[in-house]
Amino acid sequence: MDSGAGFSAAVTLVFGLFSWLQFPALCGFMFSSTRVGADHFRYSLILGSLLATVGLFSGLRTFVDGPRSAILVVGMVLNLSFIVAAGAVPGWFDASCHALYTDVSGQ
């Protein structure tokens, strides 16, 4: 694998991980300080989808042209699965965000 393909695979994997990992971070910590709180889960879906889109396009050329390393394939799967899940089952994200949300107002 040449260095360009390796870098592309690493970027794809990192963006795939970030697309999934930002969701519990936003719902569990950041939304806890807002008035509406967990009802803002849509913003996390948008952010995750943007991250996943960048990751998907970062590795697309290497994926099509080859070589397909395990890192690249895992990154592509993570990115594509977040985009599909965000579009197909947003209710799961809503329920998950409410489960992760911590009410800091004390009510």
Side-chain angles (χ1 to χ4, degrees):
M1 176 186 322
D2 65 35
S3 64
F7 179 76
S8 178
V11 168
T12 301
L13 179 64
V14 167
F15 274 90
L17 289 171
F18 282 168
S19 67
W20 282 101
L21 293 176
Q22 59 80 33
F23 184 77
L26 286 177
C27 289
F29 306 113
M30 295 187 71
F31 291 160
S32 298
S33 64
T34 65
R35 176 181 271 183
V36 179
D39 290 334
H40 283 314
F41 77 96
R42 287 175 201 84
Y43 295 120
S44 184
L45 290 181
I46 293 168
L47 175 62
S49 295
L50 288 173
L51 290 169
T53 301
V54 169
L56 197 63
F57 282 112
S58 294
L60 191 59
R61 182 176 176 136
T62 303
F63 189 78
V64 170
D65 293 344
R68 294 183 187 102
S69 66
I71 294 172
L72 178 65
V73 172
V74 169
M76 294 294 278
V77 167
L78 285 171
N79 287 307
L80 192 57
S81 65
F82 189 89
I83 293 169
V84 170
V89 287
W92 178 84
F93 287 98
D94 183 17
S96 298
C97 194
H98 280 87
L100 291 167
Y101 175 73
T102 304
D103 188 8
V104 294
S105 65
Q107 296 177 356

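Heavy-atom minimum distance, Ser8 versus Ser58: OG-O, 2.7 Å. Looking at every heavy atom in both residues, Leu100 comes nearest to Pro24 through CD1-CA, 3.6 Å.
Under a 3.5 Å cut-off, the side chain of Ser19 and the backbone N or O of Ala52 do not form any donor-acceptor pair. In this structure, the side chain of Asn79 engages the main chain of Thr12 through a donor-acceptor pair within 3.5 Å.
In this structure, the side chain to side chain donor-acceptor pair (under 3.5 Å) partners of Ser44, at least two apart in sequence or on a different chain, are Gln22. Listed by chain and residue number, nothing satisfies the side chain to side chain donor-acceptor pair (under 3.5 Å) test with Trp92 (two or more places apart in sequence, or in another chain).
Screening Leu21, Leu47, Leu45 against Leu26 for a side-chain contact (heavy atoms from CB on, under 4.5 Å) leaves a single residue, Leu47.
The OG atom of Ser49 sits 13.5 Å away from atom CZ of Arg42, with the distance rounded to the nearest 0.5 Å. Taking CG of Leu17 as the start and CG of Leu51 as the end, the distance is 11.0 Å to the nearest 0.5 Å.
Follow the hydrophobic side-chain contacts under 4.5 Å out from Phe57 and you never reach Phe15; the two are in separate clusters. Clustering ILVMFWY residues whenever any of their side-chain heavy atoms sit less than 4.5 angstrom apart, transitively, puts Leu80 in a cluster other than the one holding Val11. With hydrophobic clusters built from ILVMFWY side chains whose heavy atoms lie under 4.5 angstrom apart, Phe7 shares a cluster with Phe18. Connection of Ile83 to Val54 is not established within any shared hydrophobic cluster, with ILVMFWY side chains joined at heavy-atom distances below 4.5 Å, either directly or through further cluster members. Phe82 and Leu56 are assigned to two separate hydrophobic clusters, defined by single-linkage of ILVMFWY side chains at heavy-atom distances under 4.5 Å.
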Inset, instruction - Determine, step by step, whether Arg68 and Thr62 satisfy the side-chain contact (heavy atoms from CB on, under 4.5 Å) criterion, reporting the C-alpha distance in whole Å, the side-chain angles of both residues, the deciding distance to 0.1 Å, and the verdict. - result: CA-CA 7 Å; Arg68 294 183 187 102; Thr62 303; over 6 Å; no
Legend entry - Trp20 vs Leu78, side-chain contact (heavy atoms from CB on, under 4.5 Å): CA-CA, chis, key distance, verdict: CA-CA 8 Å; Trp20 282 101; Leu78 285 171; 3.9 Å; yes
Legend entry - Intermediate values then yes/no, side-chain contact (heavy atoms from CB on, under 4.5 Å), Leu72 and Leu13: CA-CA 6 Å; Leu72 178 65; Leu13 179 64; over 6 Å; no
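More than 12 heavy-atom neighbours from other residues, nucleotides or ligands sit within 6.0 angstrom of CZ on Phe23. Heavy-atom neighbours of Ile71 CD1 from other residues, nucleotides or ligands within 6.0 Å: at or below the threshold of 12.
For residues 53-65, the set of pairs meeting the salt bridge (charged side-chain N to carboxylate O under 4.0 Å, His left out) definition, not counting sequence neighbours, comprises Arg61-Asp65.
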